[in-house]
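Data block below; observations after.
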Amino acid sequence: MVETPGYDMALASAYILFNEGGGEFAFDCLTGSILGACNGDAVEFGWQGNDEMEPAEGDGWAELQDDGSLEGEICLLNGDNIPFIARRSKTSSTAC
C-alpha cells in the first residue's frame, strides 16, 4: 500500500494481498482476513480482523487501474470507509 487518501496512517509495512481464496491486509492498527474472490480486474469482499486489537469486520472493494495500481476501499462495519492505493511489490507474484 502506498497511500490512504484523506487518512494519516503508517504505511511503512502496510500491504494488501489477494489470492484465489481471499487474502489479507494490514495497515496502521487495522488488520484483516479477506473473504472473497477476484472477478477479472475487480473484487468486492468481506473481511474480519482487528482494529487497534479490538475485533472488527466490514467489507471492501478493489479495482486494478490502467497504470497497474490497485485502488479500493476498506470499510469498517459502523465505522470509517478508508480508501487506499496500492502497487505490486517486487516480491509479489500472486495475482487474481
Side-chain angles (χ1 to χ4, degrees):
M1 250 181 236
V2 295
E3 187 178 348
T4 52
Y7 287 82
D8 184 25
M9 300 184 118
L11 296 176
S13 61
Y15 70 92
I16 188 163
L17 171 70
F18 291 102
N19 57 40
E20 291 180 17
E24 61 187 55
F25 68 88
F27 56 95
D28 210 25
C29 295
L30 182 63
T31 62
S33 294
I34 294 171
L35 313 166
C38 293
N39 182 13
D41 290 342
V43 63
E44 291 186 18
F45 56 87
W47 65 271
Q48 293 180 330
N50 293 291
D51 183 13
E52 295 185 4
M53 302 302 289
E54 295 293 324
E57 63 181 294
D59 56 19
W61 61 272
E63 185 173 9
L64 188 62
Q65 303 298 301
D66 291 338
D67 67 358
S69 66
L70 186 69
E71 291 188 20
E73 200 169 53
I74 302 287
C75 306
L76 283 83
L77 184 63
N78 299 319
D80 290 340
N81 295 347
I82 304 168
F84 68 84
I85 300 171
R87 296 205 183 277
R88 185 181 302 266
S89 73
K90 292 181 180 167
T91 59
S92 174
S93 61
T94 304
C96 299

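Heavy-atom basis, side chains included; hydrogens, waters and symmetry copies ignored. Numbering starts at 1 and runs along the sequence shown.
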To the nearest 0.5 Å, how far apart are CG in L70 and CD in Q65? 8.0 Å
Between CZ of R88 and CG of L64, what distance do you get to the nearest 0.5 Å? 7.5 Å
Roughly how far, to the nearest 0.5 Å, is the CD1 atom of I34 from the CD atom of E24? 8.0 Å
For R87 and S69, which heavy atoms make the closest approach, and how far apart are they? NH1-CB, 3.2 Å
Rounded to the nearest 0.5 Å, what's the gap from CG on L35 to CG on D59? Could you check? 11.0 Å
Walk me through whether W47 and T31 qualify under side chain to side chain contact (heavy atoms under 4.5 Å, CB included). CA-CA 9 Å; W47 65 271; T31 62; over 6 Å; no
Going from CD1 on I85 to CD1 on I16, what distance comes out if it is rounded to the nearest 0.5 angstrom? 12.5 Å
Set of side chain to side chain donor-acceptor pair (under 3.5 Å) partners for N78, sequence neighbours left out: none
Can you tell me how far apart CD (Q48) and CD (E57) are? Round to the nearest 0.5 Å. 5.5 Å
What heavy-atom pair brings L76 and N81 nearest, and what distance separates the two atoms? N-OD1, 4.4 Å
Compute the ring centroids of F45 and F18, then answer whether they are less than 6.0 Å apart. yes
